[in-house]
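Okay, structure first, notes after.
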Amino acid sequence: MEYNFTDIEKKWQQKWKDSKAYEVNNDESRPKYYVLDMFPYPSGAGLHVGHPLGYIASDIISRHKRLNGFNVLHPMGYDSFGLPAEQYAIETGQHPAVTTEQNINTFRSQLDNIGFSYDWSRVIRTSDPGYYRWTQWIFLKLFNSWYDHQQNKARDINDLIDLFRTGGNASFSQRRHDIPFTAEEWNAFTEEQQQNILMQYRLAYSSYGEVNWCEALGTVLANDEVVNGVSERGGYPVVKKKMRQWYLRITEYADRLLEGLEKIDFAESLKEQQRNWIGKSQGCEMSFKVKSDSASSAGQAPEAGQDADTEKWLKVYTTRPDTIFGVDFMVLAPEHDLVRQITSDDQMEAVDHYLDYVKSRSERERMQEVKQISGCFTGAYAIHPFNGKEIPVWIAEYVLAGYGTGAIMAVPCGDQRDFNFAKHFNIPITNIIGEHFNGEEANPTKDAILQNSGFLDGLLMKDAIDIAISKIEEKGIGKRQVNYRMRDAGFSRQRYWGEPFPIIWKNGVAYPLPENELPLELPHVDEYSPGPEGEGPLANIKDWAIPDSDPEARRETSSMPGYAGSSWYFLRFMDPHNNSEFCSRKASDYWGQVDLYVGGTEHAVGHLLYSRMWTKVLFDLGLIGHDEPYKRLLNQGMIQGSSRFVYRVKGSNQYVSAGLKDRYDSTALHADVALVDGLVLDTEAFKLWKPEYRNAEFILENGKYICGSEVEKMSKSKFNTVNPDTLVDNYGADTFRMYEMFLGPIEQSKPWDTKGIEGVHRFLRKLWRLFYDEIKGQLWNIDKASDAELKILHKTIKKVSEDTEKFNFNTAVSAFMVCVNELGEIKCHKKEVLGALLIILSPYAPHICEELWSLLQNTGSILNASYPAFEEKYVIETSKDYPVSVNGKVRTNIGISLDASSEDVEKMVLSNEVVKKWLEGKQPKKFIYVKNKMINVVI
RNA sequence: ACCCGGGUGGUGGAACUGGUAGACACGCAGGACUUAAAAUCCUGUGGGCAGUAAUGCUCGUGUGGGUUCAACUCCCAUCCCGGGUACCA
């Protein structure tokens with residue numbers, strides 16, 4: 001009998017399907033375990049070898065947990081709303097619903113080939129009305145909620161209205177910009193005024209924000225669609241434009257998102273990324289009086305008691321108020337409201353010119369090109385609050401409008417960017433830290449003693465921070481302030497292929513759709529061109545945009561972003577067919593948190609923060625019982641493509657081999673990796689690949705055409721994708737699964753390389769040959785296993801179960817290989833040993849294990865077996881003793897068993913034959929212990 | 001530019017908490033079986049030097065420094081590669 005993987009895999013996949021082997025119930029007595037993959041966006045390119053990496057890992061864990069007695073929820077779905085489907089529709093005219101359906105079918109059949117243990121009865125897609133009905137419903141919950149800082153949780157907006165009605169907002173003014181009003185004032189406000197105030201509290205709210213606007217295309221562009229400041233399609237100019245947008249008030253959750261990190265098991269580096277993204281800082285906000293000869297009227301008033309009508313104030317945020325006497329200039333973001341008001345007449349032209357320049361620059365470019373220092377003096381001066389010095393006010397692109405107050409006080413001796421700016425524009429630098437500042441670069445220390453600093457002279461900078469803030473508060477020009485780098489999350493897109501907002505606008509007020517009108521279905525369109533004024537395509541459908549009930553009203557015509565549907569899908573999997581609730585409380589209480597969430601780090605600060613926020617809101621509103629969605633996160637690395645290039649000699653159809661390309665003027669072009677063996681191009685296949693290459697000529701080196709290579713993201717357009725289907729066809733799903741795991745640590749990114757898959761395939765055939773021989777037939781027997789055989793088995797059980805729990809799948813695969821080699825060497829064919837081996841191997845290679853399990857004449861599926869217990873007695877490792885000499889000094893390393901006390905170790909060392917020989921009767925001078933395990937003996 | 005990772009033989013990688021660097025696999029070379037091929041099995045395989053050989057010496061974990069009896073592992077600096085940077089998902 002031979003290992004016929006194709007038949008075996010088809011057979012078992014069908015059996016699992018027929019017996020509904022992986023469908024789970026919500027009412028089990030067994031402990032639950034929820035393993036979830038970040039569900040894929042079903043792209044037109046289909047599944048490539050990068051996708052399954054995480055899926056295989058989560059499948060191994062699912063199967064491993066099932067064998068260990070857990071009721072495992074392991075579902076899959078599709079994040080099926082998104083920009084690429086709409087782009088494709090614009091290019092080809094095919095409706096996104098149609099292409100999405102096709103793509104999903106492709107994904108599904110590709111996934112099925114690999115033998116995953118998903119419960120497909122629970123499959124969801126975010127673009128199904130039955131699903132997005134609840135996305136819209138949760139949006140309405142967000143819209144109808146506000147964040148109560150006293151109770152530190154989200155509450156119903158009606159509670160807030162009651163508070164306003166009875167006491168105004170004076171009693172709990174919780175934000176900096178609240179304008180206080182009394183109950184009487186509230187009750188006298190018009191509906192419109194009331195709604196505008198409520199909008200400032202809602203967790204989902206509408207406001208104005210900047211978008212990438214492309215006049216030529218008449219549309220708003222995603223950052224991804226803007227390349228080098230022009231549109232990717234057509235290369236037209238792109239500028240910033242203010243438009244009405246929806247936002248999620250995620251900033252209200254900043255502190256809880258930070259605190260929540262303490263109780264979840266994510267990689268420390270990922271938590272760090274989230275912390276940095278949230279960017280909480282302690283500092284102080286303070287206002288500087290501005291003096292300018294500009295004729296225009298007032299700026300912002302400070303906190304207390306100034307005459308706001310005649311004076312202009314510039315508010316800055318700083319984490320270093322101790323450096324207040326080192327301020328040499330002020331910088332406003334070019335977008336700052338005050339710019340227009342304070343610019344002096346003779347600087348007006350220069351400022352306008354600069355603003356034009358900045359408008360064309362992306363935020364990324366502004367931060368990145370730090371060496372190109374740019375800025376413009378406004379002609380205005382701020383007055384130093386403590387020494388009355390006049391400080392020039394500049395605008396510069398390195399200050400961003402979105403962070404803090406959009407204005408900074410610049411301290412060149414302490415901040416490198418300020419220093420560079422001062423040097424560039426010849427602004428004199430004040431040194432407040434004496435010898436700590438060398439005049440060559442800024443020194444951001446907090447440990448210097450302050451000089452030239454008025455009332456702070458002689459203080460340590462660290463200590464001066466609090467003193468400076470007290471003084472600023474005392475003077476009424478500012479206050480202590482916690483600041484976050486994170487901004488509220490933009491939640492609307494001027495696009496078609498997304499969830500429509502259940503919102504109707506009337507007289508400038510947003511009204512929610514009643515719950516019983518959900519889902520608000522996406523209307524069918526034939527045209528994807530944008531609506532007027534940069535609105536989404538939905539604005540073009542008059543029938544839909546104007547609701548039947550009220551011709552004066554207008555529906556919201558933007559749609560929700562990609563992350564809307566993915567912010568709560570883990571809850572829907574618990575109760576996917578519920579028509580009356582997004583997820584029953586019973587179901588969410590049973591399944592609770594996702595025990596293991598598997599996906600890439602590219603979602604570190606997007607999806608993973610949004611879904612954490614949504615979970616907290618749903619928890620606050622009492623809809624679920626836990627406020628963190630994921631207990632533990634495993635980040636799989638990205639499998640990159642290894643692209644291949646050919647070099648076309650300019651102006652010809654000649655292609656020069658990589659080694660000779662420097663002798664010609666050539667252009668690099670992607671060549672399909674399927675046409676290349678290693679780096680050697682199959683030139684005949686290349687000619688047939690595309691019509692334009694039919695008459696290609698090649699300049700070879702050593703008779704071969706050698707391609708160039710580069711590691712890039714795997715993508716259809718780079719012709720570097722590898723389809724898992726062909727690998728499954730050639731080697732089988734089990735080989736493919738094990739090979740992906742064998743590639744390297746699951747968390748590490750690596751370029752795909754198919755070389756090496758043979759070795760894993762060989763392993764499975766070797767395994768098969770422990771059971772059956774082509775000529776001799778059955779080899780396995782029911783004899784009692786020897787200790788030597790059990791030792792090999794139990795060593796493997798120990799290693800593999802530890803490795804699986806620790807996600808060291810690659811070393812677990814190695815351990816299986818060693819095990820099979822060792823069993824082969826001693827010709828072990830005992831059922832007792834082989835059966836146990838099959839069980840522990842089955843999460844990795846389920847099909848072959850099922851088949852062999854049934855051939856062992858065991859009844860029932862291996863899926864219902866239980867994980868074999870590890871018995872220590874078979875695995876007594878003998879310690880290796882070895883002497884080593886280093887640098888002429890005698891050093892001896894002895895592997896000593898664990899948990900020995902110091903005295904024990906010394907005794908063991910001195911009685912050790914190897915050491916005795918090395919010491920040659922000398923007394924050791926010193927013992928150096930390394931955590932009671934290893935020791936050095938110095939003589 | 002900023003934040004987070006990574007860099008070990010020809011290749012993917014292993015090395016547990018600082019303690020024999022290169023497990024396991026690919027590739028390559030040689031051999032066995034075969035009319036032949038495939039498959040399978042065996043042997044060798046980081047570089048250099050010495051030796052008929054067993055073996056010995058020496059260098060070696062991106063680069064430069066440091067700590068330590070001992071560093072792939074810890075610290076400082078630096079280069080390169082990948083992910084993210086708020087409308088790709």
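Here is the naming used below: chain letters follow the sequence lines, and residue numbers restart at 1 for every chain. Keep in mind that this is a model prediction, so the values were computed, not measured.
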Query raised in the report: Is a donor-acceptor pair below 3.5 Å formed from side chain A:Gln87 to base B:C88, judging by atom type as modelled?
Result: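 By the distance-only test, no, there is no pair.
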Report task. Please state whether the base of B:C87 and the side chain of A:Gln494 form at least one donor-acceptor pair under 3.5 Å? Result ->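 Under the 3.5 Å cut-off, the side chain and the base do form a donor-acceptor pair.
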Considering just the side-chain nitrogens and oxygens of [X], establish if one lies under 4.0 Å of OP1 or OP2 belonging to [N].
X: A:Arg765; N: B:U40; result: yes
X: A:Arg493; N: B:C87; result: yes
X: A:Arg769; N: B:C41; result: yes
X: A:Gln273; N: B:G5; result: no
X: A:Arg762; N: B:C26; result: yes
X: A:Asn810; N: B:A14; result: yes

Side-chain donor-acceptor pair under 3.5 Å between [X] and [Y], yes or no?
X: A:Ser566; Y: A:Tyr610; result: no
X: A:Trp568; Y: A:Thr135; result: yes
X: A:Asn103; Y: A:Tyr78; result: no

Report task. Answer syn or anti for B:G9, where the cut-off is 90° from 0 on the glycosidic torsion. Result -> syn
Requested in this report: Enumerate, in order of first residue number, the stems that involve RNA chain B, defined as 3 or more consecutive Watson-Crick or G-U wobble pairs with both distances under 3.5 Å.
Outcome: B:1-7 with B:79-85, B:10-12 with B:24-26, B:27-32 with B:40-45, B:46-50 with B:55-59, B:62-66 with B:74-78
Atom pair distance, as rounded to whole Å: [atom1] in [X] and [atom2] in [N]:
X: A:Trp497; N: B:A89; atom1: CH2; atom2: P; value: 13 Å
X: A:His761; N: B:A25; atom1: NE2; atom2: P; value: 16 Å
X: A:Leu764; N: B:A39; atom1: CG; atom2: C1'; value: 16 Å

Query raised in the report: Counting only N and O atoms by type, is there a donor-acceptor contact under 3.5 Å from the side chain of A:Gln273 to the main-chain atoms of A:Val605?
Result: no
Query - Result of checking A:Leu608, A:Asp79, A:Val598 against A:Met38 for side-chain contact (heavy atoms from CB on, under 4.5 Å) - result: A:Leu608
Requested in this report: With the side chain counted from C-beta on, respond yes when A:Glu740 and A:Trp752 share a heavy-atom pair under 4.5 Å apart, and no when they do not.
Outcome: yes
